[in-house]
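What follows is a set of notes on a single structure, which appears directly below.
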Amino acid sequence: MQNIVSQVPDASLGSTSTLPLTPEEEQLKQEEESFYSAHDNKHGDDNIWGLLSGVGGNVYEWYDFAVYGLLAGEIGAAFFPDSSPELQLINSFGVYLAAYLMRPLGAVLFGEIGDRIAGRKNALVFSIVLITVPSVIMGLLPTYEMWGITAPILLVILRMFQGLSVGGQLAGSYVLSVEQSTASNRGFRGSICDASSVGGFLLASGVTTVVRHTFSSEQVQNWAWRVPFWFSLLLAPALYFIVKQSEESKLWSERSEQKEAENIIREQENEQTRPAVVDLLSSPFNRRQLAGMIGVMCATTSSFYIVFLWSPVYLSHLRGLVSEANADLMNFIMVGIYIVLLVISGKLSDSFPHRMDPMRIGLTGIVVAAPVMFGMYESESVVGIVLAQLQFIVCLAIVHGGLAAWEVELWMADPSLSFTGVAIGHNVASTVFGGTMPLIATALFYLSDDLAGDNEDALLPRLIPGLYVSMLACIALFSISFVIRHPHDVRTGEKKLRDAYHEDERRRKRRATKKKKKRKVELAVVGGGSYLPPTT
């Protein structure tokens with residue numbers, strides 16, 4: 001019996017050594033420590049031209065992109081005339097989704113351009129050119145009655161090119177502006193970039209409202225829906241001038257020189273240079289950051305599109321609570337208020353100890369505010385509808401204010417990957433949760449309509465689209481609390497708390513493992529090494 005016991009390693013009985021980490025866990029731990037120990041960006045000088053180029057590009061691109069959504073009903077009738085009004089709307093939003101499916105591809109393309117080839121500034125120029133041509137052609141495109149099935153096919157192709165462009169533009173404006181910011185102004189400057197993309201929606205909403213009030217419903221249905229697409233031509237020359245005046249990010253330029261030296265060494269050692277997206281996805285830490293970023297942004301993208309893009313369609317086309325013109329007018333006012341709230345929230349995010357503190361507050365608010373908004377819509381009162389949207393956009397602005405700075409700070413430890421990281425994370429979330437939102441929300445509306453039946457006073461079924469957003473906000477709260485790592489973790493002590501928690505978990509696992517091994521030894525000793533008690 002003594003011989004049997006002596007054959008058991010001492011470690012199984014009394015050692016307090018830690019359990020060995022797997023190679024991936026070890027790599028993850030090393031990359032996390034490297035992330036936290038990275039030097040902060042000291043090149044920020046709050047350059048105004050970099051901010052203006054991002055602002056102008058966002059306004060222009062998101063104007064072109066949003067016009068389609070606001071005119072979805074008219075475009076559906078022009079290119080899908082043989083369908084019912086419901087199917088026309090769904091087909092139109094399906095084309096809208098096609099553009100979103102191209103955004104991750106655009107993120108990879110422009111990430112490579114912005115991180116490894118030409119820099120942030122030139123990536124912005126390329127994206128502006130890429131969206132201008134499809135927008136102009138879309139305003140001239142013959143309808144289904146003129147060209148038959150060719151017309152909707154071309155519409156889809158043009159929207160896909162627009163999606164490819166937007167996949168890089170917003171991320172480029174974020175990265176260029178935030179990398180040129182001082183640490184105390186990142187949230188503010190990032191919120192201005194975000195506000196400018198919302199400004200594109202505001203401009204699109206304003207132009208659409210003017211068109212609807214200037215022309216008759218029949219004229220808008222027949223041809224005047226094209227006017228907002230032509231309007232984009234007036235913005236292109238001014239925007240090109242602004243972008244050409246901006247400077248390249250000094251942080252990227254410095255890291256680019258280091259990367260060139262690394263590539264020379266790789267070539268000498270016969271190692272192939274890998275694309276930015278491959279470098280990004282080969283890292284366990286970066287994969288976790290990417291998953292957490294998408295988890296957080298599932299709530300922000302879905303919330304933005306459901307209140308500013310889908311709600312006007314819901315209030316006018318689907319529920320018939322207000323006219324199209326009044327729905328667009330209310331949307332225009334709400335977007336204007338949201339821009340102000342967004343910039344204020346961005347400035348406030350710079351004063352918090354941790355960038356994610358106000359984001360957690362806002363996400364908690366969205367969980368409650370989303371179904372409340374749809375419940376208040378049922379008041380069928382203009383005042384009630386305005387207050388419903390107002391309480392929701394306040395919560396969304398609290399999250400969104402520091403979001404641009406937060407996205408860039410997640411990847412700032414390695415400027416040769418930051419454009420790609422921001423672009424892929426942002427656009428995958430926008431595609432999966434923003435691009436599908438009109439279709440999902442419309443399907444949920446018809447589900448709620450079936451549940452409500454002939455009972456016009458039924459309230460609970462009408463909350464279903466809002467409850468979907470609440471669910472996504474819960475996912476975002478989990479991601480921001482337990483998945484994402486941020487440089488401010490060190491500042492607020494979250495890193496120490498997390499390390500202590502993980503150490504406690506490792507000790508608990510060690511104790512459980514030792515007990516299990518000790519039990520096996522006892523069973524072996526009792527049974528002479530071969531006996532196992534019968535199972536019951």
Side-chain angles (χ1 to χ4, degrees), residues 66 69-70 72-73 86 89 198 201-202 204-206 208-209 212-213 217 299-342 344-345 361-400 437-438 440-473:
L70 294 172
E86 292 82 5
L89 189 61
V198 180
F201 277 89
L202 179 63
S205 182
T208 304
T209 301
R212 292 196 193 280
H213 281 83
S217 297
T300 58
T301 54
S302 61
S303 297
F304 184 87
Y305 289 109
I306 203 167
V307 68
F308 292 125
L309 180 66
W310 190 72
S311 279
V313 178
Y314 175 81
L315 293 170
S316 57
H317 278 275
L318 299 176
R319 288 288 289 139
L321 301 175
V322 296
S323 66
E324 263 187 320
N326 286 336
D328 286 341
L329 180 59
M330 282 191 290
N331 195 54
F332 181 79
I333 294 171
M334 284 297 112
V335 172
I337 294 172
Y338 184 71
I339 288 176
V340 176
L341 293 173
L342 192 61
I344 293 172
S345 179
I361 295 170
L363 286 169
T364 305
I366 288 175
V367 173
V368 179
V372 168
M373 178 174 68
F374 281 89
M376 293 178 69
Y377 281 165
E378 295 307 304
S379 67
E380 300 186 19
S381 157
V382 172
V383 174
I385 292 171
V386 169
L387 291 176
Q389 293 188 346
L390 187 60
Q391 57 92 34
F392 185 78
I393 67 173
V394 167
C395 297
L396 182 57
I398 293 172
V399 184
H400 222 159
M437 175 51 70
I440 291 175
T442 303
L444 291 176
F445 161 74
Y446 287 120
L447 172 63
S448 67
D449 216 33
D450 290 340
L451 293 174
D454 295 330
N455 185 5
E456 288 295 326
D457 295 328
L459 179 62
L460 288 179
R462 302 299 180 191
L463 306 183
I464 291 177
L467 291 172
Y468 171 69
V469 175
S470 293
M471 180 192 71
L472 296 179

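Note that the structure is predicted; figures quoted are calculated from it, not measured. Index from 1, following the sequence.
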Taking [X] for the side chain and [Y] for the main chain, is one N or O donor matched with an acceptor at less than 3.5 Å?
{"X": "S470", "Y": "A370", "value": "no"}
{"X": "S311", "Y": "I306", "value": "yes"}
{"X": "Q391", "Y": "A388", "value": "yes"}
{"X": "S303", "Y": "A299", "value": "yes"}
{"X": "H400", "Y": "L396", "value": "no"}

Closest heavy-atom pair and its distance - [X], [Y]:
{"X": "A473", "Y": "V367", "value": "CB-CG2, 3.6 Å"}
{"X": "V322", "Y": "A327", "value": "CG2-CB, 3.8 Å"}
{"X": "C395", "Y": "A369", "value": "SG-CB, 4.1 Å"}
{"X": "V469", "Y": "S302", "value": "CG1-OG, 4.4 Å"}

Point-to-point distance, once rounded to the nearest 0.5 Å, from [atom1] of [X] to [atom2] of [Y]:
{"X": "D328", "Y": "H213", "atom1": "CG", "atom2": "NE2", "answer": "8.5 Å"}
{"X": "I464", "Y": "Y468", "atom1": "CD1", "atom2": "OH", "answer": "13.5 Å"}
{"X": "M437", "Y": "L444", "atom1": "CE", "atom2": "CG", "answer": "8.0 Å"}
{"X": "M373", "Y": "I385", "atom1": "CE", "atom2": "CD1", "answer": "11.0 Å"}
{"X": "L447", "Y": "I440", "atom1": "CG", "atom2": "CD1", "answer": "12.5 Å"}
{"X": "N331", "Y": "T208", "atom1": "CG", "atom2": "OG1", "answer": "9.5 Å"}

*Mind running side chain to side chain contact (heavy atoms under 4.5 Å, CB included) on F308 and I393 for me, showing each step along the way?*
CA-CA 9 Å; F308 292 125; I393 67 173; 3.8 Å; yes
Report yes if the side chains of V307 and M334 come closer than 4.5 Å at any heavy-atom pair, otherwise no. no
Find out whether V382 and N326 are in side-chain contact, i.e. whether some heavy atom of one side chain is under 4.5 Å from a heavy atom of the other.
no
ring-ring contact (aromatic ring centres under 6.0 Å, His included) filter on Y314, not counting sequence neighbours, yields W310, F374, Y377, F445
- Task: Apply the test side chain to side chain contact (heavy atoms under 4.5 Å, CB included) to residues Q389 and M376: give CA-CA distance (whole Å), side-chain angles for both, the deciding distance (0.1 Å), then the verdict.
- Result: CA-CA 9 Å; Q389 293 188 346; M376 293 178 69; over 6 Å; no
Using side chain to side chain contact (heavy atoms under 4.5 Å, CB included), reason through I333 and V386 one step at a time and then give a plain yes or no. CA-CA 9 Å; I333 294 171; V386 169; over 6 Å; no
For residues 379-390, the salt bridge (charged side-chain N to carboxylate O under 4.0 Å, His left out) pairs (sequence neighbours left out) are none
